[in-house]
2 protein chains.
Amino acid sequence: MTEADPPGYELPLLLFAGFRSLIDELHTELAALGHTEVRPVHGFALQAIGPYGASATEIGRRLGVSKQAAGKTVDRLAALGYVERADDPSDARRKLVRLTPRGLDMLTRSAEIFDRLRANWVHQLGAGQVAQLESSLRRVVPATAFPVDVPGWFG
Amino acid sequence: MTEADPPGYELPLLLFAGFRSLIDELHTELAALGHTEVRPVHGFALQAIGPYGASATEIGRRLGVSKQAAGKTVDRLAALGYVERADDPSDARRKLVRLTPRGLDMLTRSAEIFDRLRANWVHQLGAGQVAQLESSLRRVVPATAFPVDVPGWFG
DNA sequence: GTAAAGTAGTCAACGTGGTTGTCGAAACAG
DNA sequence: CTGTTTCGACAACCACGTTGACTACTTTAC
């Protein structure tokens, strides 16, 4: 009680800066591994597609954007060689979007890099602090904000 | 040691979800106070302008974007009535961007709302946990990652 | 004092990621 | 068979960012 609370606006700034620094480091490392053209939004989209593939409409639902926006992102991912479209034999309207080997590689590398970046935080703060940070955020974050609901926050 | 570490990708997701939930609540409350058209990026821009005003180039430098992008954002803020441009008598090239009373109101309200949102987190997690979360992030976030570097905002 | 260099703001063209609205084709419910 | 819903695509548009080019003005160097 002897110390004044920090101003409330610092909290979102710190959260954003932490998020942003992780994402920036991720893409620096991905670029060094040959994934130079990929952007943050693409990582979320690949995650939403998942190992079994998904339709464009389903991807949009998972990301919380319109099916048209999801379709455009799929177009770009396909042009970059990360996904491919295949006809769905059980439904002639649908086209299944699947990861290519390159897309899967990007996802695997990202997971490895994120693990390493988290380990850096553990090195700086200690395992307990990082675990507590994650635990606090899990408690305070509304379930609706998860698992993936991310419109245009990076560019 | 007996528990496995969570996957590294959860950390950025949690940070983003926390940030996003605060920003969403902020804008819900701002809308209820009459600031219905303002978007997250505008709040950052108003912060970058600050109580004494700034030139467009300076705003861009503080936000880490080009002067052209800053100029466009100022155009939109001016159209919404949050800022106004004035000639700088000491340098005929510069135009000083200043907050209007409405812009200042928005910033003051935002500060109040952020304080209240932080108090909500304190209520859920306890003051110590929130302080520790902020402290951890301050240690781990590189100084360059702060989107707005404005001396002396709100005390 | 003047010429060269640098800086502020604007305009234009463009890229990316989002939105609605519309539409044809296919699936489904009755 | 018919009406409704769903999927993917196309078009128009908006928000926010980028570069490059240009004018007007300031500052610096000689």
Side-chain angles (χ1 to χ4, degrees), chain A residues 16 20 23-24 27 35-49 53-80 82-98 148-155, chain B residues 16 20 23-24 27 35-49 53-80 82-98 147-148:
Chain A
F16 180 73
R20 184 64 191 271
I23 295 294
D24 285 351
H27 282 87
H35 295 287
T36 55
E37 296 298 323
V38 74
R39 307 182 38 146
V41 67
H42 298 149
F44 284 91
L46 291 182
Q47 204 76 48
I49 292 167
S55 69
T57 296
E58 177 63 19
I59 296 166
R61 189 161 36 241
R62 290 179 188 169
L63 294 176
V65 302
S66 66
K67 60 180 179 175
Q68 293 93 329
K72 283 197 208 178
T73 297
V74 169
D75 286 343
R76 275 156 208 148
L77 285 173
L80 293 172
Y82 289 101
V83 304
E84 59 192 2
R85 278 183 238 246
D87 290 333
D88 185 332
S90 71
D91 185 337
R93 296 169 307 175
R94 296 182 77 234
K95 288 189 182 161
L96 191 65
V97 180
R98 281 181 314 203
V148 180
D149 182 351
V150 178
W153 261 110
F154 358 64
Chain B
F16 180 76
R20 184 62 194 274
I23 295 294
D24 285 352
H27 282 87
H35 294 287
T36 54
E37 297 298 323
V38 73
R39 301 175 37 102
V41 67
H42 298 150
F44 284 92
L46 292 182
Q47 289 278 348
I49 292 167
S55 70
T57 296
E58 177 63 19
I59 296 166
R61 205 185 55 73
R62 290 178 186 170
L63 294 176
V65 301
S66 66
K67 61 180 180 174
Q68 295 93 328
K72 284 196 205 178
T73 298
V74 169
D75 286 344
R76 276 158 208 141
L77 286 172
L80 293 172
Y82 288 101
V83 304
E84 59 191 2
R85 276 184 241 246
D87 291 333
D88 184 332
S90 72
D91 186 337
R93 296 169 305 177
R94 297 181 77 234
K95 288 185 183 164
L96 191 64
V97 179
R98 281 181 314 203
V148 181

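Every chain is numbered from 1 and lettered A, B, ... according to where its sequence line falls, protein lines coming before strand lines.
In the interface, the side chain of Gln68(B) is paired with the base of dG20(D) through a donor and an acceptor atom under 3.5 Å apart. Judged by atom type and distance alone, Arg93(B) does not reach the base of dT26(D) through any side-chain donor-acceptor pair under 3.5 Å.
Within the 4.0 angstrom heavy-atom criterion, only backbone atoms of the sugar-phosphate kind lie near Arg39(B); the bases stay farther away. When heavy atoms are screened at a 4.0 angstrom cut-off, Ser66(A) is found touching base atoms of the nucleic acid. If you check every strand for non-hydrogen atoms under 4.0 Å, Asp91(A) touches sugar and phosphate atoms only. Here Ala69(A) lies in heavy-atom contact (under 4.0 Å) with a base.
Phosphate proximity of dT6(D) to Thr57(A): absent, as no side-chain N or O sits under 4.0 Å from OP1 or OP2. Taking only side-chain nitrogens and oxygens, Arg85(B) comes nearer than 4.0 Å to OP1 or OP2 of dT10(C).
In this structure, of dG17(D), dT22(C), dG8(D), it is dG17(D) that holds the atom nearest to the side chain of Val65(B). Taking only side-chain atoms of Lys95(B), from C-beta outward, the nucleotide of dT20(C), dG17(C), dT10(C) with the closest atom is dT10(C). Of the listed nucleotides (dC16(D), dT16(C), dA8(C)), dC16(D) has the atom at the smallest distance from the side chain of Arg76(B). Across dA9(D), dA8(C), dG17(D), the shortest atom-to-atom separation from the side chain of Lys67(A) is found for dA9(D). Listed nucleotides dT6(D), dT20(C), dC16(D) differ in distance to His42(B); the shortest reach to its side chain belongs to dC16(D). Nearest to the side chain of Lys72(A), among dG18(C), dC16(D), dT26(D), sits dG18(C).
In this structure, the CZ atom of Arg61(B) is 17 Å from the C1' atom of dG6(C), given to the nearest Å.
Not counting sequence neighbours, the partners of Ser90(A) by the side chain to side chain donor-acceptor pair (under 3.5 Å) test are Asp88(A).
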